[in-house]
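Notes for the one structure printed next.
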Amino acid sequence: MQIYFEKPYAKLKTSKPYFMQKPQDIWEQTTLPIGNGTLGLSAMGGIQKEILVVNCKTLWTGGPAPTRPDYNGGNITEPDKNGKTRLDYYKEVREAFAAGRDEDGAALCEKLVGKKEGYGAYQCGGQIEIVFHDHIFTPACAYRRTLDLDHAILETKISRGRPTKSVCEATRTYFVSYPARAAVLRFARTETPFGCTVAYPSHHDAIVTADESGITHTGTLTDNALHFSARLEAETDGTCTPVGDTLCVTDATYLNLYFAMDTDYQDNYPIYRTGESAAQLHTRVCTTAKSARKIGYFALRKAHIQDYQSLFNRLSFSLGAHENLPTDKLLHAYHRANCPAKIRRTLETLLFEYGRYLLIASSRETDSLPANLQGIWNCSNSPIWSSDYHLNINLQMNYWPAFSANLAECATPLLRYVQALCAPGRVTAQVYTGAKPGFLFHTQNTPFGWTCPGWDFSWGWSPVAVAWILHNVYEQFTFTRDTAVLRKQIYPLLQESADYFISQLMEKDGRLVTCPCFSPEHGPRTAGNTYEQALVWQLLTDTLQAAQVLGIANENTLRYAEVIQRLHPVEIGESGQIKEWYHETTLASIGQRHHRHLSHLLWLYPGNYTDQENTEKLLAAAKISLEDRGDKSTGWAIAQRICARARTGEGDRALRLIGMLMQHGVSTNLWGVHPPFQIDANFGYTAAVAELLLQSHAGFLSLLPALPTDWAQGEIRGICARGGFSCDLFWEKGVLQRAEILSNAAEPCRVCTPGGKLCFAEGDTPNTYDEDGCLVFPTERGKRYVLTLSNHT
Ligand code: FUC
């Protein structure tokens, strides 16, 4: 599995409608990323001059700062000139809606906002530049830049000379080691030794110094006094001399650079600092870089591959075809009407694997922060949307593939982040809604507990962002069945939040609704809408289910069950559509047509809303709503549509959407585009493919529930289902041939496939079926169950 280019970036034909205009566009569309969760590098692969953009996940402006002594997550705590607090306004808004004065309530919502100061943005960490002294390689040379997804290694090879004669070859090999917490860059050349200048120009007014063994780059962000420190250690068989703040390397056949970077950020509210001095931080970073150097390139590489493959190799996916073509060519060919199936299947598989690669590279177990809007890769100090944590879909989508794609550990930073938002979130809940207990955060967030509701209600207010992200968090349990984590870490979050939402529900037309609410990011402000109701339903249902698992039964759990029944349900409108607002009549009577958000369909995916009597009707209505929203959208929104079509069981519609994503939603380097670059589309796509092949949200495993006709042959090994199952599926002619189900949690298994009746392929275990035709059997931990279709035996 490789993403590769046979031309230097400047010569690549990029994808429509996204052209290379500014240096940032060029980077976004052609760079290739590596990372270990915290430290990210992205290389351009230039011939004469190589540029590696550096990122450190915690390098953020905003938050507490000596110049912002009053920073408190954007909350407005003081009364305004009318002497009213935010809580006063909140009460007035709710009174207005309760009394049927909806217009007054909607207008007053303007008051439910926070401050902008201290929001900050994810920063670029500068760039490492390597300029080669001789000019023996030109664009006419054979060139290949490869991101090897099987090893998480980025390599550029440039060679001059005929293959039969002696070839002068330059090889540049990069990876970021998670075990060593360091990036490793190796430059090697055959035949003629090389010379180069290595620089790490000052970024954010950093002090840059060079010595015989490397370069130091340290500084403090002006905005918030966050210390950052980076150290680059050089090792070569040539000579290495400091020249100014650069290194001059001559007469080398190889040069190894070991690079470490960190900040003094810590996810501890309200300080958000480790407490280290700049010198202490620098010592720590230098130690990391020097230790890496001591271990050396080859041993680091070996340990890196081992570490990476321990996650990546848990799953493999094939659609039975592989075309060896550079990625830009694959992408261009994909759009042609007569594109061979082999090319299409290759790109579809590659993009799936890329999502897994990117999650491992941007979100590792020990990270304090999850993957942001760009994962960890960012070349700007003022990236769009601050490259922050958006919780009205984007952060949730980042983690959609984590469990189904067998990367549960990679979701740990998300859990930690949500836990870290609780303390500042409790302040926000109190200031804005007067509630205690309970924590609140909204559409957008930073690493510094910025939990207030935006500075504009129409995008900022979204209390159910909490309920939604808690569903991601709860999925860690449903997939792994780790009851210890559920009890200690997940349940307390669910319970506090469930109690909070119950305390805020109000009665309207005989039903319980949230108030005020707003469906991202269009339509009216109302009391109750499908977005909020479905997410509150999900939270209460998850909490109740978790309580049952943990054997908790008390007043609260009784209340959850009762409130679930009284919530305003998902409704069908006059056009047969899912209503996004309760006073919606026909399609498009309210809101924007073709809006990218599918907020009224979250119960379908990622939720598991059920309404026993109406499930089929709701599915039919969801299809009408999906049709109305249309296929063409932005990167993540197309990925969300694919996930939804997987749940409606429409594999062929999903594949058509995959075509749209390839055309409008990814750039040449296969990064998701909104535009600009937004990584959620990558993660959403990987989640969607998993969902087409295996679903387990409805209490049973459905194998190949939405297989596109064109994916007639294939296999996926190591895909995960709720209940602690890891599955290997093999299919031909669109029908499942064999399934191997590994039970990791000794949960009973209920399983079916649309292609026919499943039965045990081996042994003489009797086949037992439930009323839905699912094969049902108890399982033992660590045991593998081999199934086939009953007419195959
Ligand atoms: C949501 C979306 C936008 C964008 C932003 C980062 O608010 O509505 O389209 O993706 O997040």
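Counting starts at 1 for both ligands and their atoms, in listed order. The first residue of the sequence shown is numbered 1, and numbering continues consecutively from there.
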Please could you name the atoms of ligand 1 that N392 approaches to less than 4.0 Å, counting only its heavy atoms? 1 (C), 7 (O), 11 (O)

Test of understanding: given a 4.0 Å heavy-atom threshold, classify the contact between D680 and ligand 1 as side chain, backbone, both, or neither. neither

I'd like to know whether the aromatic ring centres of W60 and Y265 sit less than 6.0 Å apart in this structure. no

Give a yes/no verdict on whether any heavy atom in R596 is under 4.0 Å from an atom of ligand 1. yes

Here the atoms of ligand 1 under 4.0 Å from any heavy atom belonging to W636 are 2 (C), 8 (O), 9 (O), 10 (O)

Roughly how far, to the nearest 0.5 Å, is the CG atom of N398 from the CG atom of L358? 10.0 Å

F518-W459 aromatic ring centre distance below 6.0 Å: no

Name the residue from F457, W455, Y389, W461 that meets the ring pair (Phe, Tyr, Trp, His ring centres under 6.0 Å) definition with H442. W461

In this structure, atom 8 (O) of ligand 1 is nearest to the protein heavy atom H597 NE2, 2.6 Å

Would you mind listing which atoms of ligand 1 come within a distance below 4.0 Å of any non-hydrogen atom of H674? 3 (C), 4 (C), 9 (O), 10 (O)

In a check of side-chain hydrogen bond (donor to acceptor under 3.5 Å, both in side chains) between E580 and each of S599, S519, S625, which one passes? S519

E521 heavy atoms, cut-off 4.0 Å: which ligand 1 atoms fall inside? 1 (C), 2 (C), 7 (O), 8 (O)

Is the ring centre of H390 less than 6.0 Å from the ring centre of W636? no

If you count the atoms of ligand 1 from 1 in the order shown, which ones are under 4.0 Å from a heavy atom of H390? 1 (C), 5 (C), 6 (C), 7 (O), 11 (O)

